[in-house]
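Worksheet: the structure to be examined is printed underneath.
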Amino acid sequence: MSGFGSSPARRRIAVVPAYNEEPTVEAVLDRLYPLVDELVVVDDGSTDHTRKIIEEWLRGAPHATLLSFDHNRGMSAAYYEAFSHLAERLRAGEISPDDHVFTVDADGQHELSVFEALGARMEAEGLDALLVRRDLSTYPRYKRSGNWLISAWASLWAGYRLHDVESGYRIFRVSALIDALGYYRGYKYSETVEIAVVLGRRGARVRNDVLVPVPVFRSRTRLVDFAIDAAMIPVAAARVWLRRAGRGGRLSPLPAQQAFR
Ligand SMILES: Nc1nc2c(ncn2[C@@H]2O[C@H](COP(=O)(O)OP(=O)(O)OP(=O)(O)O)[C@@H](O)[C@H]2O)c(=O)[nH]1
Ligand SMILES: [Mg+2]
């Protein structure tokens, strides 16, 4: 655990959104928990036994917190809830602007054997965000084409090259994450594309080219989710521009965000 001495080590906080992940959630939490200092899991109104499984798992996990919705609100809402919780903790001085937040899916799609190496890279390069690029070579062609297209579209609006903008396997510096939170909310799955664009427009140092394998293929996203994401990309960029114009060039709408950059 971190927190000793005059320059405490950077804390690692994991955020795991979960919706009807009964077969995999416990294994993911078991594997992830020893890799981090704390873990926040969001049950997004699951209708299977996901919530019960998490509640039982929590008994042996003193550094983990469950946030939950009574009804399903979508992946973006789950992330928004978790990140708002972290913003509160930052304001309360319980976490620091330089701590790292890792987002990991509850379906086992994110390769945790590279977790340490990703964290080390983030640290060594002083990044604000590392959006892990998933190796989608085992995915069907339509998924790969769609991912390429939306990543290219997002790159235009973000101002840097995105290779896998839909990736949910990410690391954020707390200050950059909370800053970005002032510019988007996300709908359905759009959180991933919106935050990637906002970070770029805010001048954050971001990489999206570190390639990792995907252990399992399973897809629940649909064409309508793709369309929503595509539509939200320019909206996210516009929000940053409008906010900047409206505030005469000031870049920090919330007190906590002054810590960014
Ligand atoms: N499908 C879905 N997942 C949710 C929801 N809320 C939270 N999640 C969680 O968000 C994470 C990502 O969801 P996935 O459906 O795997 O989406 P994805 O991996 O981005 O997209 P795919 O490439 O289609 O697998 C998982 O851990 C889900 O359990 C929701 O309303 N629907
Ligand atoms: Mg998934």
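Just follow the structure's listing: the first ligand is 1, and inside any ligand the first atom is 1. Fair warning: this is a prediction, and the values are worked out from it, not measured in the lab. Just so you know, these numbers use all the heavy atoms, side chains as well, and skip hydrogens, waters and symmetry mates.
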Would you check whether [X] has a nitrogen or oxygen atom less than 3.5 angstrom from a nitrogen or oxygen atom of ligand 1?
X	answer
N72	yes
E166	no
D105	yes

| Which N/O/S atom belongs to D107 and is the closest one to the Mg ion (ligand 2)? | OD2

With a 4.0 Å cut-off, would you call [X] and [Y] a salt bridge?
X	Y	result
R173	D128	yes
R185	E81	no
E55	K52	no
D179	R202	yes
R134	D164	yes
R89	E38	yes

May I ask you to list the atoms of ligand 1 that are less than 4.0 angstrom from any heavy atom of [X]?
X	value
D107	16 (O)
A106	27 (O)
R220	1 (N), 2 (C), 3 (N), 15 (O), 24 (O), 28 (C), 29 (O)
Q109	16 (O), 19 (O), 25 (O)

| Which option out of N147, D44, V16, T221 puts a heavy atom nearest to atom 21 (O) of ligand 1? | T221

| said: Measuring from atom 1 (N) of ligand 1, which candidate in Y19, F226, Y189 has the nearest non-hydrogen atom? | reply: Y189

| Would you call A18 a ligand 1 contact, heavy-atom distance under 4.0 Å? | yes

Can you tell me which portion of [X] lies within the under-4.0 Å heavy-atom range of ligand 1? Options are side chain, backbone, both, or neither.
X	answer
E21	side chain
R218	both
K143	side chain

| task | List the closest protein heavy-atom neighbour of atom 10 (O) of ligand 1: residue, atom name, distance to the nearest 0.1 Å. | result | M75 CG, 3.3 Å

| request: Considering only non-hydrogen protein atoms, determine which one is nearest to atom 9 (C) of ligand 1 and report residue, atom name and distance to 0.1 Å. | output: P17 O, 3.5 Å

Cut-off 3.5 Å, side chains only: do [X] and [Y] have a donor facing an acceptor?
X	Y	value
T221	K188	no
W153	D229	no
S46	R51	no

| said: Restricting to N/O/S atoms, is S219 within less than 2.8 Å of the Mg ion (ligand 2) or not? | reply: no

| remark: So CG of N20 and CG of D44: to nearest 0.5 Å the spacing works out to 9.0 Å

| Under the side-chain contact (heavy atoms from CB on, under 4.5 Å) test, residues paired with F115 that sit two or more places apart | R12, L32, L35, V36, F102, V104, L112, Y169

